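What you are looking at is a predicted structure, and each value in this text was computed from that prediction instead of being measured.
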Amino acid sequence: HQALATEARLQEALLQAELYETLGDIYHKLGELNRSDQLFNLAIERRRSVPSSDQATAGTLVALGLLRVDQARLDEAESLVRQGLSVVERRLPPGHPDIAAALDALGRVLMEKGDYDDAISVLERSVQIRSTPDNSPGALAGSQYELANAYFYAGRYKDSERLNLDVLDLSRRIYGPNHPRVAEALINLGAIHQDLGHYSDAERFHREGCEEDGDGHEDAGDAVGEAGDRRLAGSGGAHRLGDGGEAGGGTDRGHPHQQ
């Protein structure tokens, strides 16, 4: 009876941890960062009370790290995400989607810190993992998208353009033509051509992207005129460990659309 009672308590703790993490994600989406912070920490506390639960804890550490980005606590963000990555690399076989998801998160943190070369190195590993046949095409597009952003900020426009074109093609095949993923890739291509001084191409991409995103032509013309704004479209949210890292899950914590 004692063993059954212990097992029941452990299962209850894991269930509570999952609930806290889910609520933490929701509050992060709503911009209620302090409440999200409290819930993620409660989830970590509950998971650590259960033996052999460090792999599940890794996902919460990564989620908390991405929250730290929005709190402008970037050193803590990097430390937390690296802790989560270290756990999944120890526990899981090479090439597991959860490793790629943690690498995506670390790449985003490093981009926020301005460490673009390190971000590129990390995200290239993620894309390599995602490129195997047994990985989700949507997850591959998400990782390629993050890497394309890192190339852009590092001034590697040709690499960024090449990868954004790949993302555009893959997103159209996965989601169809009228999808925010398609619009984001088009707007990013416009930003690249804008920085290169190819204004007619930039306007064309911006207009097509705004049509896909339902924003209308006027915004596209304004975007081409704002040559000083080097922000890219949003990266589509965090890749939560344990969900296969499918692109599009989680909170939009990336770079905002050019306005």
Side-chain angles (χ1 to χ4, degrees), residues 17-49 53-92 96-127 129-130 139 142-143 145-147 149-150 153 232 234-256:
E18 183 66 26
L19 178 59
Y20 287 141
E21 184 172 353
T22 300
L23 287 171
D25 278 333
I26 291 171
Y27 280 119
H28 193 175
K29 290 178 181 179
L30 294 173
E32 297 192 30
L33 304 187
N34 290 335
R35 298 189 73 177
S36 178
D37 195 334
Q38 293 170 355
L39 288 159
F40 282 143
N41 277 290
L42 283 170
I44 291 170
E45 178 185 314
R46 292 293 188 275
R47 290 196 193 282
R48 285 177 170 167
S49 71
S53 65
D54 55 342
Q55 183 179 328
T57 305
T60 317
L61 289 169
V62 170
L64 182 57
L66 291 171
L67 175 66
R68 290 285 183 265
V69 172
D70 283 353
Q71 294 173 321
R73 296 159 64 177
L74 298 181
D75 288 338
E76 288 182 56
E78 182 177 355
S79 176
L80 287 163
V81 174
R82 286 191 184 277
Q83 288 178 50
L85 174 61
S86 176
V87 171
V88 293
E89 285 184 321
R90 287 198 313 271
R91 290 285 186 176
L92 298 172
H96 194 281
D98 280 2
I99 296 175
L103 288 168
D104 286 340
L106 179 58
R108 294 183 62 184
V109 173
L110 292 171
M111 274 196 285
E112 291 291 341
K113 295 184 74 174
D115 297 335
Y116 302 126
D117 289 340
D118 289 342
I120 287 169
S121 177
V122 166
L123 292 167
E124 284 177 340
R125 282 185 60 199
S126 177
V127 169
I129 292 172
R130 303 284 199 195
S143 296
Y145 188 87
E146 298 286 357
L147 179 56
N149 284 351
Y153 289 122
L232 295 184
S235 61
H239 304 282
R240 185 173 176 180
L241 274 64
D243 65 359
E246 181 68 38
T251 308
D252 282 339
R253 299 167 193 154
H255 311 287

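Every residue two or more places apart in sequence or in another chain that forms a side-chain contact (heavy atoms from CB on, under 4.5 Å) with Tyr116 is listed here: Met111, Tyr153, Ala154.
Taking CG of Leu80 as the reference point, atom CG of Leu106 lies at 11.5 Å (rounded to 0.5 Å). For the atom pair CG of Asp25 and OG of Ser36, the computed distance is 7.0 Å after rounding to the nearest 0.5 Å. Considering CZ of Arg82 and CD of Glu89, their distance stands at 10.0 Å, rounded to 0.5 Å. Rounded to the nearest 0.5 Å, atoms CD (Gln83) and CD1 (Ile44) are 8.5 Å apart.
Heavy atoms only, all atoms of each residue included: Leu85 and Ala102 are closest at CD1-CB, 3.8 Å. Taking all atoms of both residues into account, the shortest heavy-atom contact from Phe40 to Gly24 is CZ-C, 3.6 Å. The shortest heavy-atom contact between Val122 and Leu103 is CG1-O, 3.2 Å. Considering every non-hydrogen atom in both Ala43 and Ala17, the closest pair reads CB-O, 3.5 Å. Ala100 and Ser126 get closest at one heavy-atom pair: O-OG, 3.3 Å.
Remark: Asp75 does not engage Arg68 in a salt bridge, criterion side-chain N to carboxylate O under 4.0 Å. A salt bridge is absent between Arg91 and Asp98; no separation between the charged side-chain nitrogens and carboxylate oxygens falls under 4.0 Å.
Val88 places none of its side-chain heavy atoms less than 4.5 Å from the side chain of His96. The closest side-chain heavy-atom distance from Val127 to Glu146 is not below 4.5 Å. Side-chain contact between Leu30 and Arg35 is absent, with no heavy-atom pair separated by less than 4.5 Å.
For the 3.5 Å distance criterion, the side chains of Arg90 and Ser86 qualify, holding a donor opposite an acceptor.
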For this session: I would like to know whether Asp37 and Leu33 meet side chain to side chain contact (heavy atoms under 4.5 Å, CB included); could you show each step before the answer?
Result: CA-CA 6 Å; Asp37 195 334; Leu33 304 187; over 6 Å; no

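Among the candidates Asp118, Val81, Leu74, the single residue satisfying the side-chain contact (heavy atoms from CB on, under 4.5 Å) test with Leu110 is Asp118.
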Could you list the donor-acceptor pairs under 3.5 angstrom formed by side chains in residues 56-67, with sequence neighbours left out?
| residue | atom | partner | partner atom | Å |
| --- | --- | --- | --- | --- |
| Thr57 | OG1 | Ser53 | O | 2.9 |
| Thr60 | OG1 | Glu21 | OE1 | 2.9 |
| Thr60 | OG1 | Arg47 | NE | 3.2 |

